[in-house]
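Presented below is the structure to which this report refers.
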Amino acid sequence: MHALIVIDVQNDFCPGGALAVAGGDEIVAPINALMGAFDAVVLTQDWHPANHASFASQHAEKAPLEMIEMPYGPQVLWPDHCVQGSDGAAFHAELDVDRADLIIRKGFRREIDSYSAFFENDHATPTGLEGYLRTRGIDRLTMVGLATDFCVNYSAVDAAKLGFAVTVRQDLCRAIDLDGSLKAAQEGMTKAGVDLA
Ligand code: VGL
Ligand code: ZN
């Protein structure tokens, strides 16, 4: 069984949003067109409390895109984005949300960020997605969405480590590309056995 995993196609990651990814809106229509070809469709939704620890606004004298050290390792500080219940956290208006079997939210604990759809950034706290997929008999995943070098990358590498056969459709992803993060992500995904279509 083969699932389509649509990562964070939300207003804040699209042009005009708080953490806009260039061309983020271009992938919406082709993702919709792809949904019918899968046994299951899962959407992820970045879903932060307003005082989330990944927001630069929560740290004195820190600006967005600076790094800090968290108990679980280095963390990029982001502009406030995908605040629970805000328009920015909503899915892109054209995304065919009605086709989703499951919507999984992540990043809702103040003290820890969660790029991956499977584990929070401590690489230990599960989101529950693995259990959902396995109990539905799903063993293959195709991933699309935003952003290639953060949430798609972390999700794809975790899924491959968990034993899923993973394809990332790079044509249906867009990247933030911070200090070479896209190239590093592509190398990391390849090393983990992800098929970069
Ligand atoms: C993401 C940065 C912060 C993503 C989410 O969806 O790639 N990036 N939160
Ligand atoms: Zn986030």
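Read the numbers this way: they start at 1 and go in the same order the structure lists the ligands and their atoms. All values below come from the heavy atoms of this structure, side chains included, with hydrogens, waters and symmetry mates left out.
- The Zn ion (ligand 2) has an N, O or S atom of Asp46 closer than 2.8 Å.
- If you chain together hydrophobic residues whose side chains sit under 4.5 Å apart, Val6 and Ile103 fall into the same group.
- Considering backbone and side-chain N/O atoms, Asp8 comes within less than 3.5 Å of an N/O atom of ligand 1.
- Close N/O approach between Phe13 and ligand 1 is not found [any backbone or side-chain N/O within under 3.5 Å].
- Taking only nitrogen or oxygen atoms, main chain and side chain alike, Trp78 does not reach within less than 3.5 Å of ligand 1.
- Among the atoms of His81, an N, O or S atom is found under 2.8 Å from the Zn ion (ligand 2).
- In summary, the atoms of ligand 1 found under 4.0 Å from a heavy atom of Ala147, numbered by their order in the structure, are 4 (C), 6 (O), 7 (O).
- Atom-to-atom distance recorded for Ser86:OG and Trp47:CH2 is 7.0 Å, nearest 0.5 angstrom.
- Here Asn121 contributes atom CG and Tyr154 contributes atom OH; the two are 6.0 Å apart, rounded to the nearest 0.5 Å.
- For Leu146, a nitrogen or oxygen atom sits less than 3.5 Å from a nitrogen or oxygen atom of ligand 1, counting backbone and side chain alike.
- With a 6.0 Å radius and a threshold of 12 heavy atoms from other residues, nucleotides or ligands, Asp87 has its CG atom at or below the threshold.
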- Message: Run the ring pair (Phe, Tyr, Trp, His ring centres under 6.0 Å) test on His81 and Phe13 for me, step by step, so that the C-alpha distance in whole Å, both residues' side-chain angles and the decisive distance to 0.1 Å come before the verdict.
- Response: CA-CA 8 Å; His81 66 279; Phe13 298 121; 5.7 Å; yes
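- Judged purely by distance below 3.5 Å, without hydrogens or angles, the side chains of Gln75 and Asp113 pair a donor atom with an acceptor atom.
- Coordination check, His48 versus the Zn ion (ligand 2): passed, since an N/O/S atom of the residue sits under 2.8 Å.
- Backbone and side-chain nitrogen or oxygen atoms of His81 are examined, and one is located within less than 3.5 angstrom of a nitrogen or oxygen of ligand 1.
- Figure legend: Arg134 and Phe164 shown as a cation-pi pair, the cationic atom lying under 6.0 angstrom from the six-membered ring centre and within 45 degrees of its axis.
- For atom 4 (C) of ligand 1, the nearest protein heavy atom (residue, atom name, distance) is Cys151 SG, 2.8 Å.
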